[in-house]
Structures are given as C-alpha cells and as structure tokens.
Amino acid sequence: MPYLQVPKGTRDIMGKEIVLWRKVEEVVYETAKNFGYEEIRTPIFESTELFTRGVGEGTDIVQKEMYTFTDKGGRSLTLRPEGTAPVMRAYLEHGFAVQQPRVKWFYLGPMFRYERPQAGRMRQFHQFGFEAIGFDSPACDAEIILIAWRIYERLGLHKLSLEMNSLGCPSCKFRYIETLQQFLQREIHSLCDTCKVRLEKNPLRVLDCKNEGCQTIFQSPSFPRLQDFLCEECSKHQETLLATLRFLDIPFSINPRLVRGLDYYTRTAFEIKTGELGAQDAVGGGGRYDNLSQALGGPKVAGVGFAAGIERMVLLLNKMGQGLHALETLVYLAPLDGEGELHLLVLGRRCEELGIPFYMDFADKTLKYHLKKAQKMKVRFVVLVGKAELQNSLFLLKDMFSGEQWTLSQEELLKKLQEEKNSA
RNA sequence: GUGAGCGUGGCUCAACGGUCAGAGCACUGGACUGUGGCUCCAGGGGUUGGGGGUUCGAAUCCCCUCGCUCACCCCA
C-alpha cells in the first residue's frame, strides 16, 4: 500500500453507496418538514466543557472517547461526540429560553468518538437527530418516537424493536441511586471490577452490566427496582406516554434495565434495535433531558429527542438489497476528435439547460471505446460526432438498447431526447 | 483499553521453506482502420503492509510495528 490511507475508523463514502445516503437524508428532511422541525447546523467542534458538563463527567464518552485538542489560542476544544448538548448550547446562547422557549429542531452530520472500530461503528460516524425543547407533555415524547418510527417506515426498515424505560426525574433518580448504592455496597464483593468503579461514578450503569456475578445480584428479590422509586408525576408521565404509543399503534416492550450512557437523560429513555447488525444493534435512541439546560448553567428547560446512526441504517438498507444506480445519465456524448469535442460540449450545455442529464468523455479515444463505456454505464443514448457529422452540422444518435440510429440536426436531437426523458 | 482472526497486482484469491510469485475479473491495444455485449490474441501493472531475525534459501517460520476485520466494553 504505497499511498496514504484514511485515519483509523474513518472511510470514504462514495459510489453506489451514496445513493442510499441521499435516500436517508431525503427521508429525514421530508419527515422533518412534515412534522414542523427546523434544521440547525452547529459547529463540528465545541468547547470541551460543553460535553464534560452536558454529557457528564462520569460517562464513557467523556472519560475515554472524546477527540479533544488545544488550539493555538490555548482553548480546549472537542470534536462533537453527539448532537444534543450542542443544540441545547445554541438554544441557551441565542436566548431562546426567554424569547421563544418552545422550539423543534433537527440536525444531521458527522460525530466523533475515539473507539475501536467494529461492524457498524466508526470513529467518524453520522447521526441525525430531532429535539423538541420546552415541552413537558408526554405527548411530545410520543411525537419524537413517532418521528423516528416514521423515518424507519418510510425507508422500509422493518423488524425493528422499540424498548422503553423511565429513569425518573432528578429527585426520584437521586433517591433511587442512594438506595442502589447502599444495596450494592453490601454486595460489593460479588461486583465486577468495572462495576465497583461505576458504583461511585455512575451507579445507574451497573444496571446493564452483563457480567455474571453482577447479574445474580440483580436477580435478588430485595434488589431495588427503579420503577418503585418513581414519583407520582414521573410514573404518570410514563403511563401517559405508553398509552399514547399504544394509541399510535407503535409496538414496544418495557426494559427496566435500559439505561442511557449520557447523564442528561431523565424520565423517558428508549432505544430502537435491530437483530441484523451483530453486536452494534442500536439504530436509534433517545429520551427526555429535562436536566441538561441546568447542567449547562441555564434555567430549567424541558427537552426530549432522539438520534439515529446513518451508517447502521445504510448497512440495513444494503442488506435488504436496495436497487442502486450511481448516476441517471440519459445520453453519452462521444466525440471522435478535438473538433467534435467543441460541438458536443455546446450540445451538452443545451442538454443541461433542458434538464437532460448527460455525460461527456473527453478521452481521445476510438468509437469502440466510447460505445463500450456507454454500455458499461448503462446509458441509453449515445450522440456521436466525427468528421462526417461535422461536415453537415449533424449529430448521430444511437439507441443502445434497440441498436437503432438516426442522423439529426441539433434541434431534432434535443426534441427527441426531451421526449425520451419525459416518457422515462 | 482487552481478546481473536487476517494483510500477496486496482478487485477476488493461488503458490509442500526451494527456479523468474501465478490465475480470474478489471484495464489497454489488436483480430474488426467509424459501431457496444460474445470469442480469440497480446500488453501494462507486485521491493508479497513496513522493519528486524532464523536459514544456503522466506510470501511461507519467529519477533516488533502499522493497518484491516470481528468480539468484549460502550453506544448510534
């Protein structure tokens, strides 16, 4: 490999795969428009503090996955590992909290996390996400889930499962964590090493540990369950949300062990999974983050949102064997010499003005080369200009599918191509 | 960060430690001097990821390193 390579965990997205990316992006834009969400584009890098405070000091993201660097002005900056904290930062920075407290935004773009690459996991990966800020109602949680669901439906991604849980508000979450810590303190001898650390730093994470020893502790009948600690408002919020989902015919299951890896989540937490991608099975996830604004030094602001990974969705679409066509060129312009090139480029300009997609190959090549290439590109028509055509200011048009060909003037040619374009 | 598997022309892969590392596909040209898909012929393209070691001799064995893949962890 004599050439430079892309950095580990990154890749070029190109060729036929781009078609699937475009498709996902189009569905996202379309669905956002239909649900009344506006696009927001935040910077790729932010001050490191935004994520340590927003995502949480004790999270894996902050502890080991961030691309953090110091710029020439001595500022500590971080390539964004997720999209919600930057969106909340923008909300607060631009005074939405007082001016226009309720907003619905969506974003789409690259995120960065320093992890070992694996199927469906890259160091630069792409997410789109929807955020509804300033809304308390559980119906808004339902709308967020509905949007995610609709996007998957529109793309034809079936066999997805939705898992729901509630983490409670800060106060019930806090009461639960206290009880949990006390309980685990007594069982600390059977906890795995990482869980011993989690116990102090991020106790909720202990819940989804897959270690056997930890698992047996969970089975204990005296193990404190989060749902028993939810305050009245929190459990009512959850009940209403679940009722709304049933009303919307969105199937789900309750997973009391579902814990999100980011500190800002409160109450609703959900994950959308597939069985087709191996270990990286989450294609989307989200929840409520009524805590985030305050963590960033803002006022109390409600919020709920979700994010989905585009790479994983594209992998799924690929598995389903979507038909792919890289280009939709209608006509291939084949010059047989330099003078032919001049006339064909003029014709190409006319084609473009009329919305007829053309491809012109400037290689100084034989007719045989051009026909082969046009055939390989699956282009239906070829326009050929050589000496014979130049003498009479005519063009030779060949239909590669039927083999028919005609000698035409420029206007006749364009007319025919337009007819073919419209009938296609 | 931990573990396992793998690095050979552009791509997919051959080659018991032994002449000059091969094939298919792709590419280029020709048979067919302005008519494509098939066929045939010819051609270009490799310091076998990199470095070190063992050996008379290394793509092959050993060590280091880089990269890829999958899994753990975690997440989208």
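Letters A, B, ... are given to chains in the order of the sequence lines, protein chains preceding strands, and every chain is numbered from 1.
- By the ring-ring contact (aromatic ring centres under 6.0 Å, His included) test, A:F223 is found to be paired with A:F183, A:F218, residues two or more places apart in sequence or in another chain being considered.
- Nearer the 5' end of RNA chain B, as judged by each residue's closest nucleotide, is the contact made by A:G9, out of A:V259 and A:G9.
- Atom NZ of residue A:K23 and atom CE of residue A:M313 lie 10.5 Å apart, to the nearest 0.5 angstrom.
- Remark: the separation of the P atoms in B:C63 and B:G3 is 15 Å, to the nearest Å.
- Comparing the C1' positions of B:C68 and B:A31 gives an interatomic distance of 44 Å, to the nearest angstrom.
- Among the atoms of the strands shown, none is found under 4.0 Å from any heavy atom of A:I272.
- Remark: B:C6 base-pairs with B:G67. Criterion, Watson-Crick or G-U wobble with two distances under 3.5 Å.
- What separates CG of A:L317 from P of B:A76 is a distance of 20 Å, to the nearest Å.
- Separation of the C1' atoms belonging to B:G51 and B:G44 is 30 Å when rounded to the nearest angstrom.
- Pairing partner, B:C40: B:G30, with both Watson-Crick or wobble hydrogen-bond distances short of 3.5 Å.
- In A:F69, the CZ atom is crowded: over 12 heavy atoms of neighbouring residues, nucleotides or ligands sit closer than 6.0 Å.
- No contact: A:E82 has no heavy atom under 4.0 Å from any strand.
- In this structure, A:K416 pairs ionically with A:E420, as a charged nitrogen and a carboxylate oxygen lie closer than 4.0 Å.
- For A:R116, the side-chain atoms get nearest to B:A71 when compared with the rest of B:G34, B:A76, B:A71.
- Counting any heavy atom pair closer than 4.0 Å across all strands shown, A:G284 reaches sugar-phosphate atoms only and no base atom.
- Ranking B:A71, B:A76, B:G34 by closeness to the A:F125 side chain, first place goes to B:A76.
- For B:A15, there is no paired nucleotide, since no Watson-Crick or G-U wobble pair has both relevant distances below 3.5 Å.
- A donor and an acceptor atom, one from each side chain of A:Y332 and A:Q375, are nowhere located under 3.5 Å apart.
- Summarising the geometry, the separation between CD on A:E115 and C1' on B:U69 is reported as 16 Å, rounded to the nearest angstrom.
- Spacing between B:G1 and B:C73 at atom C1', rounded to whole Å, works out to 9 Å.
- Ion pairing between A:E115 and A:R123 fails under the 4.0 Å rule for side-chain N and carboxylate O.
- In this pair, A:F130 and A:F306 present their aromatic rings parallel. The plane angle is below 30°, not in the 30 to 60° band.
- A straight line from CG of A:L390 to P of B:G34 spans 15 Å, rounded to a whole angstrom.
- Taken residue by residue, residues 368-375 of chain A places heavy atoms nearer than 4.0 Å to RNA chain B at A:K368, A:Y369, A:L371, A:K372, A:Q375.
- What you find for A:D290 and A:R288 is that their closest heavy atoms are OD1-NH1, 3.0 Å.
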Please assess A:E17 against A:R11 for the test salt bridge (charged side-chain N to carboxylate O under 4.0 Å, His left out), listing each intermediate value before the final yes or no.
-> CA-CA 12 Å; A:E17 199 195 351; A:R11 61 194 204 95; 2.7 Å; yes
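- When the C1' atom is compared between B:U19 and B:U28, the two are found 31 Å apart, to the nearest whole Å.
- Picking from B:A76, B:G34, B:U69 the nucleotide with the shortest atom distance to the side chain of A:A282 gives B:A76.
- Distance check on atom C1': B:G46 versus B:C20 gives 13 Å, rounded to whole Å.
- Mapping A:V6 and A:G285 onto RNA chain B by nearest heavy atom places A:V6 at the nucleotide closer to the 5' end.
- For the C1' atoms, the distance linking B:U48 with B:G67 amounts to 15 Å, nearest Å.
- Side-chain atoms of A:L367 lie closest to B:G34 of the nucleotides B:G34, B:G1, B:C73.
- Here CH2 of A:W105 is found 9.0 Å from CE of A:M88. Values are rounded to the nearest 0.5 Å.
- Computed from coordinates, the A:M14 CE to B:C11 P distance equals 12 Å when rounded to whole Å.
- For A:Q5 and B:G67, the shortest distance from a side-chain N or O to OP1 or OP2 is not below 4.0 Å.
- Contacts of A:K365 with the nucleic acid, taken as non-hydrogen atoms under 4.0 Å apart, involve only primed sugar atoms and P, OP1 or OP2.
- Crowding of A:E93 atom CD: a count of heavy atoms from other residues, nucleotides or ligands under 6.0 Å exceeding 12.
- Under 3.5 Å, the side chain of A:E389 and the base of B:G34 form at least one donor-acceptor pair of N or O atoms.
- Across all strands, A:E311 comes closer than 4.0 Å to no nucleic acid atom at all (heavy-atom distances).
- Side-chain N/O atoms of A:R11 and base N/O atoms of B:C68 include no donor-acceptor pair closer than 3.5 Å.
- Contacts between residues 395-406 of chain A and RNA chain B, defined by a heavy-atom separation below 4.0 Å, involve A:L396, A:K398, A:M400, A:G403, A:Q405, listed by number.
- One donor-acceptor pair, N or O on each side, does fall under 3.5 Å between the base of B:C75 and the side chain of A:R312.
- Remark: C1' of B:A71 and CG of A:D281 are 13 Å apart, rounded to the nearest angstrom.
- Taking a pair to require two hydrogen-bonding distances under 3.5 Å in either a Watson-Crick or a G-U wobble arrangement, B:C72 pairs with B:G1.
- Taking CG of A:N255 as the start and CD of A:E163 as the end, the distance is 4.5 Å to the nearest 0.5 Å.
- With a cut-off of 3.5 Å on both pairing distances, B:A21 has no Watson-Crick or G-U wobble partner at all.
- Across B:C11 and B:A26, the matching C1' atoms stand 7 Å from one another, rounded to whole Å.
- Residue A:K387 contributes atom NZ, which lies 15 Å from atom P of B:U33 at whole-angstrom precision.
- Applying the Watson-Crick and G-U wobble criteria (two distances, each under 3.5 Å), B:U55 pairs with nothing in any strand.
- Atom P of nucleotide B:C70 and atom NZ of A:K8 are separated by 12 Å, given to the nearest angstrom.
- Residue A:D337 is classed as having no contact, given no heavy-atom separation below 4.0 Å to the nucleic acid.
- Following rounding to the nearest Å, A:E65 (CD) and B:C73 (P) show an atom-to-atom distance of 14 Å.
- A salt bridge does not link A:K104 with A:E131: none of the charged nitrogens is closer than 4.0 Å to a carboxylate oxygen.
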